[in-house]
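Since the structure comes first, as structure tokens, the remarks are kept for the end.
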Amino acid sequence: MRREDQPVLHVNFEDVSLLPLLFGEHDRNLARIEQSFDVRVTGHSSPLAIAGSQAEAAKQTFERLYGRLVADKRKTGQPSSLTPADIDAAIRFAGSRNESQPRGIATWRRPIEARSPRQAAYLDALDAHELVFGLGPAGTGKTYLAVAVAVAALKAGKVDRIILSRPAVEAGERLGFLPGDMKDKIDPYLRPLYDALYDMMPGDQVDRRLQAGEIEIAPLAFMRGRTLANSFIILDEAQNTTPTQMKMFLTRLGENSRMAVTGDPSQIDLPLGAKSGLNEAVDILRDVKGVTMVEFTDADVVRHPLVTRIVRAYNAHDPRLIAKPDGAKS
């Protein structure tokens, strides 16, 4: 059936003053939605007519974005323009069972929102479970969202400290050839964790809490022998742990603590033939009460659109690179 012969859906907007922001400068938002769903949108007022086989998904996208503008106007009195990331997030949510507006995670700088249904499920899991594994390719927000939930928990007084850790495993490099002392050598591996914190908290507050021990960023080896109570604990790049290291880390969990373990099983930098502690933990703990696994795919990549295409190209070239741990269920 030709698109022009398909049924037409209509979308009504009560506040037409918001439509220029909805459509975007030079209708760029409207064009992005048309392109994504292969639909034709006619009219620049209310109602809006949408024709095409995916008209319902396009309608949901317009309604979600309009709802965001309405909520923003009620809160601030003057809604801000929608960003390309906002448009892409609404497109990802179209057709999903999650019809509500994405909830914001309250950090000191700004609210952090889910930008895909899988991210929304991940945030729900981090709220509901003591131990959450976030698994999948780069750019899906696994670590960033976990840090946001940790910062929100610290801000609300639910935990006394945040502990962020990574294994210091080289991606084709050797620590010994890096300049400086051990801290200087380790810090580059921990930099993404610092970046996330500074994006969510004022810099002076991050520095002060680091000095006070309320925020700790340390290599995985520094976790041995400790019991981490009243804390939100995150292990990043977990695919580069050995089974022994992973067991050691998981058993650090103390009273009133939460733990998030994030990693990309397709980017293991361990020596050839070494078993990943992340893959083993997923196999062993999948059905343990209090533990949940959230598995991201290339469809959840929220960085530059080219990153999504890169991930898909690599997966198509070698299916073994698909970010899915051994024994993981679809």
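What you are looking at is a predicted structure, and each value in this text was computed from that prediction instead of being measured.
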Side chain [X], main chain [Y], donor-acceptor under 3.5 Å:
X      : Y      : result
Gln239 : Ile268 : no
Asn240 : Asp269 : yes
Thr140 : Gly136 : no
Ser165 : Leu220 : yes
Gln245 : Thr242 : yes

So, taking the atom named [atom1] in [X] and the one named [atom2] in [Y], what distance separates them when rounded to the nearest 0.5 Å?
X      : Y      : atom1 : atom2 : result
Leu154 : Asp160 : CG    : CG    : 8.5 Å
Arg28  : Gln35  : CZ    : CD    : 14.5 Å
Phe249 : Ile233 : CZ    : CD1   : 6.0 Å
Leu69  : Ser81  : CG    : OG    : 8.5 Å
Leu18  : Lys73  : CG    : NZ    : 5.0 Å
Asn12  : Glu63  : CG    : CD    : 9.0 Å

Contact between [X] and [Y] at the side-chain level, heavy atoms closer than 4.5 Å - yes or no?
X      : Y      : value
Val132 : Arg258 : no
Arg74  : Pro79  : no
Leu145 : Gln119 : yes
Arg110 : Asp199 : yes
Asp207 : Tyr198 : yes
Ile162 : Ser231 : no
Val291 : Phe133 : yes
Leu82  : Leu21  : no

Would you say [Y] and [X] are linked by a side-chain donor-acceptor pair, where the criterion is simply a distance under 3.5 Å?
X      : Y      : result
Ser80  : Asp72  : yes
Tyr66  : Asp15  : no
Arg209 : Gln205 : yes

Ring-face cation of Arg161 near Phe232 (centre distance under 6.0 Å, axis angle within 45°): no
Would Arg166 and Ile217 count as a side-chain contact (heavy atoms from CB on, under 4.5 Å) if you check the C-alpha gap in whole Å, the side-chain angles of each, and the deciding distance to 0.1 Å? CA-CA 8 Å; Arg166 270 185 157 198; Ile217 304 178; over 6 Å; no
Charged N-O contact under 4.0 Å between [X] and [Y]:
X      : Y      : answer
Glu237 : Arg191 : no
Asp300 : Arg115 : no
Lys142 : Asp236 : no
Glu130 : Lys289 : no
Glu113 : Arg68  : yes

Contacts of type ring-ring contact (aromatic ring centres under 6.0 Å, His included), residue Tyr122, not counting sequence neighbours: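 Counting only residues at least two positions away or on another chain, Tyr122 forms a ring-ring contact (aromatic ring centres under 6.0 Å, His included) with Phe296.
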Do you know the tightest heavy-atom contact between [X] and [Y]?
X      : Y      : answer
Thr241 : Pro167 : CG2-CG, 4.1 Å
Ala148 : Ile105 : O-CG2, 3.4 Å
Val159 : Asn230 : CB-O, 3.6 Å
Ala238 : Ser276 : O-OG, 4.4 Å
Leu65  : Asp86  : CD2-O, 3.7 Å
Met223 : Arg252 : O-CD, 3.2 Å

Pair Lys275-Glu280, salt bridge (Lys or Arg N to Asp or Glu O under 4.0 Å): steps then yes or no: CA-CA 8 Å; Lys275 186 173 183 179; Glu280 181 181 81; 3.7 Å; yes
Go through the steps for Leu235 and Thr262 under the test side-chain contact (heavy atoms from CB on, under 4.5 Å), then give the verdict. CA-CA 6 Å; Leu235 175 61; Thr262 67; over 6 Å; no
Any chain of hydrophobic side-chain contacts (each under 4.5 Å) joining [X] to [Y]?
X      : Y      : value
Ile284 : Leu253 : yes
Met246 : Met248 : yes
Tyr194 : Leu164 : yes
Leu9   : Phe62  : no
Leu193 : Leu210 : yes

Sequence neighbours left out, what passes side-chain contact (heavy atoms from CB on, under 4.5 Å) with Ala58? Give chain and number order.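 So Ala58 forms a side-chain contact (heavy atoms from CB on, under 4.5 Å) with Ile33, Phe37, Val39, Ile50.
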Would Val70 and Glu14 count as a side-chain contact (heavy atoms from CB on, under 4.5 Å) here? Give the steps. CA-CA 10 Å; Val70 169; Glu14 183 176 341; over 6 Å; no
Would Leu250 and Leu285 count as a side-chain contact (heavy atoms from CB on, under 4.5 Å) if you check the C-alpha gap in whole Å, the side-chain angles of each, and the deciding distance to 0.1 Å? CA-CA 11 Å; Leu250 295 177; Leu285 302 177; 3.5 Å; yes
